[in-house]
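Structure first, commentary second.
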Amino acid sequence: MSSKITIIGAGSVGATIAYTLSNDDITSEIVLIDINKDKAEGEVMDILQGTCYREPIHMISGDYEDAKDSDIVIITSGVARKPGQTRIDLAQTNVNILKSITPQIVKAAPNALYLIVSNPVDVMTYAFTKLSGLPENQIIGSGTSLDTARLRFGLSEHFKVSQRNIHAYVFGEHGDTSFVPWSCGFISGASIDEYSDLMKTFGKDVPELDKEAMTAYVRESGGVVIAHKGATFYAIAVSVCHLCKVLLAASDSITTVSSMMHGEYGIDDVCLSTATLVGPNGIQGKIPMKLNEEEIGKLKASADALKAVISSIEI
C-alpha cells in the first residue's frame with residue numbers, strides 16, 4: 001500500500017508500532033521522530049535490517065519537516081505510566097510535551113490524519129484538538145480500541161469462540177471509568193445473555209458470565225502487565241496498526257475511538273470513546289447505539305471524570 005506514516009516518539013510504544021507496521025503492508029514509508037535522535041536512528045536501523053523478507057519499504061529517523069505529505073501522524077510522545085500510577089496522573093506532564101510538539105508537526109503535515117496514542121489518551125486528544133486548530137475529523141484518539149480488543153479476547157476465552165464472532169465494545173474513558181454496554185454486545189447475532197443458553201442446545205457447558213469480573217479484567221489488564229514487565233506496548237501497537245488500516249481503507253468501519261462529543265448521549269466538550277464511523281476521511285461521526293439508562297449514566301460519569309481532569313490542568 002502506497003502511504004506515508006509518521007510516528008512521533010521512539011519509546012517502547014512508538015518503536016513497536018514502527019516495527020509492527022514494517023511487518024505488514026499497511027504503508028510503504030515510515031518516518032520516526034524523537035527528541036533522542038540516537039534512539040530513533042537505532043530503532044530504524046534495527047527494524048530495517050529485518051525487512052528483506054517483505055516488499056520494499058522506506059523508513060528514516062527524521063525531523064518534523066520530514067513528516068511532509070504524511071497520510072497519518074501517530075503521536076506517542078510522553079512519559080510512560082509507572083507501576084501503580086493512573087493514566088490521569090500523567091495528564092499535565094504529557095500535555096506540556098504535546099504543547100511543544102503540536103505547532104511543529106501541524107505546520108509540517110496539516111492535511112494528515114492524526115492518531116493520538118499518548119496517555120491519558122482522552123485528555124491528550126482533547127488537548128490536541130484545542131491546540132492544533134485542525135478540523136476535528138482529522139483527529140482520532142486510540143481511545144478504547146485496546147480495551148475493546150481486551151474485552152473480545154476475554155469473552156473469546158470464556159465462551160471458547162473466535163474473537164471475530166464477537167461484537168462487543170468498551171465505551172468511555174480509556175481508564176478507570178470505562179464500561180461495557182452489555183445491552184449492545186452480541187456473538188454471531190445472539191445477545192451475550194442468550195449465547196450461553198444457545199450453546200447448551202449443542203451440548204456445550206458454558207459457565208455463566210460474570211460481567212463485573214470481565215469489566216474489571218479489561219480495566220485492570222494494563223496495570224497488571226505494567227506490574228509484571230514494566231510497560232505495555234505489544235497489544236497497543238497492534239491496535240494502532242489496525243486503526244491505520246481503517247484510516248487507509250477504501251470504506252469506513254465502526255470502531256471505538258476517542259473524539260470530541262457534540263451532544264451525543266447528552267455529552268459535550270470532552271473526548272471519549274463510543275462507536276464511531278471512521279475511514280479514509282477520518283472521523284465521520286458517532287453511531288447512536290441504543291444504550292439503556294444505566295449505560296448512559298455510566299457514560300456521563302466517565303465524561304464528568306475526564307472533564308474534572310481537563311479543568312485541573314493548563315492546556
Side-chain angles (χ1 to χ4, degrees), residues 87 121-122 142-228 232 234-243 245-246 252-258 264-267 272-278 286-303 305:
R87 296 179 182 91
V121 67
D122 302 291
S142 58
T144 59
S145 57
L146 173 57
D147 308 73
T148 294
R150 287 168 170 160
L151 172 65
R152 292 183 179 178
F153 171 76
L155 291 174
S156 173
E157 290 288 287
H158 178 85
F159 288 110
K160 306 302 179 187
V161 65
S162 170
Q163 296 181 51
R164 293 179 181 273
N165 298 131
I166 298 171
H167 299 278
Y169 308 92
V170 178
F171 278 16
E173 171 204 358
H174 175 51
D176 293 339
T177 64
S178 66
F179 71 99
V180 180
W182 293 107
S183 67
C184 302
F186 294 88
I187 301 176
S188 294
S191 74
I192 289 175
D193 288 336
E194 295 170 339
Y195 190 77
S196 292
D197 292 336
L198 180 62
M199 287 300 97
K200 289 175 184 177
T201 66
F202 291 96
K204 296 182 180 291
D205 184 19
V206 179
E208 183 177 351
L209 177 65
D210 185 335
K211 294 178 181 177
E212 289 188 7
M214 184 60 68
T215 300
Y217 164 79
V218 171
R219 285 179 181 167
E220 296 167 7
S221 285
V224 171
V225 173
I226 290 169
H228 282 295
T232 65
Y234 295 134
I236 182 59
V238 172
S239 297
V240 169
C241 291
H242 170 73
L243 290 176
K245 287 182 180 180
V246 168
D252 296 328
S253 296
I254 296 169
T255 186
T256 51
V257 291
S258 187
E264 299 91 345
Y265 309 101
I267 298 170
L272 47 68
S273 294
T274 64
T276 307
L277 192 65
V278 184
K286 301 286 190 178
I287 302 297
M289 297 182 74
K290 293 181 179 180
L291 305 183
N292 60 37
E293 288 187 13
E294 180 184 3
E295 291 163 348
I296 292 174
K298 289 180 178 180
L299 189 62
K300 288 181 176 178
S302 194

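A quick note: this is a predicted structure, and the numbers were derived from the prediction, not measured.
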First locate atom [atom1] of [X], then atom [atom2] of [Y], and finally report the distance between them rounded to the nearest 0.5 Å.
X: Ser273; Y: Glu173; atom1: OG; atom2: CD; answer: 10.0 Å
X: Tyr195; Y: Leu155; atom1: OH; atom2: CG; answer: 11.0 Å
X: Thr274; Y: Tyr265; atom1: OG1; atom2: OH; answer: 5.0 Å
X: Cys184; Y: Ile287; atom1: SG; atom2: CD1; answer: 12.0 Å
X: Ser221; Y: Phe153; atom1: OG; atom2: CZ; answer: 9.0 Å
X: Ser145; Y: His174; atom1: OG; atom2: NE2; answer: 8.0 Å

Task: Full working for side chain to side chain contact (heavy atoms under 4.5 Å, CB included) between Ser156 and Ile166 - done: CA-CA 8 Å; Ser156 173; Ile166 298 171; 3.9 Å; yes
- [ ] Determine, stepwise, if the pair Lys211 / Asp193 fulfils side chain to side chain contact (heavy atoms under 4.5 Å, CB included).
- [x] CA-CA 10 Å; Lys211 294 178 181 177; Asp193 288 336; 2.8 Å; yes
How about [X] and [Y]: do any of their side-chain heavy atoms sit closer than 4.5 Å?
X: His158; Y: Pro207; result: yes
X: Val170; Y: Thr256; result: no
X: Leu209; Y: Met214; result: yes
X: His242; Y: Val246; result: yes

Heavy-atom pair of closest approach, residues [X] and [Y]:
X: Leu198; Y: Ala190; answer: CD2-CB, 4.3 Å
X: Phe179; Y: Gly172; answer: CE2-N, 4.5 Å
X: Ile254; Y: Ala275; answer: CG2-CB, 4.0 Å
X: Leu151; Y: Val218; answer: CA-CG2, 3.6 Å
X: Tyr169; Y: Val180; answer: O-CG1, 3.5 Å
X: Ser142; Y: Leu243; answer: CA-CD1, 4.0 Å

TODO: Go through the side-chain N and O atoms of Ser178 and Thr144 and say whether any donor and acceptor fall under 3.5 Å apart.
DONE: no
Task: Donor-acceptor side-chain pairing of Ser183 and Glu295 below 3.5 angstrom - done: yes
- [ ] Run the numbers on Phe171 and Met289 for side chain to side chain contact (heavy atoms under 4.5 Å, CB included), then give the verdict.
- [x] CA-CA 11 Å; Phe171 278 16; Met289 297 182 74; 3.6 Å; yes
Task: Arg164 backbone acceptor or donor facing Arg152 side chain under 3.5 Å - done: no
Open item on the list: Main chain of Val278, side chain of Thr276: is a donor-acceptor contact present, judged purely on distance under 3.5 Å?
Closed with: no
Open item on the list: What verdict does the side chain to side chain contact (heavy atoms under 4.5 Å, CB included) test give for Thr232 and Ile226, after you've listed the backbone C-alpha separation in whole Å, the side-chain angles of each residue and the deciding distance to 0.1 Å?
Closed with: CA-CA 6 Å; Thr232 65; Ile226 290 169; 3.8 Å; yes
TODO: Answer yes or no: does atom OH of Tyr234 have more than 12 heavy-atom neighbours from other residues, nucleotides or ligands under 6.0 Å?
DONE: no
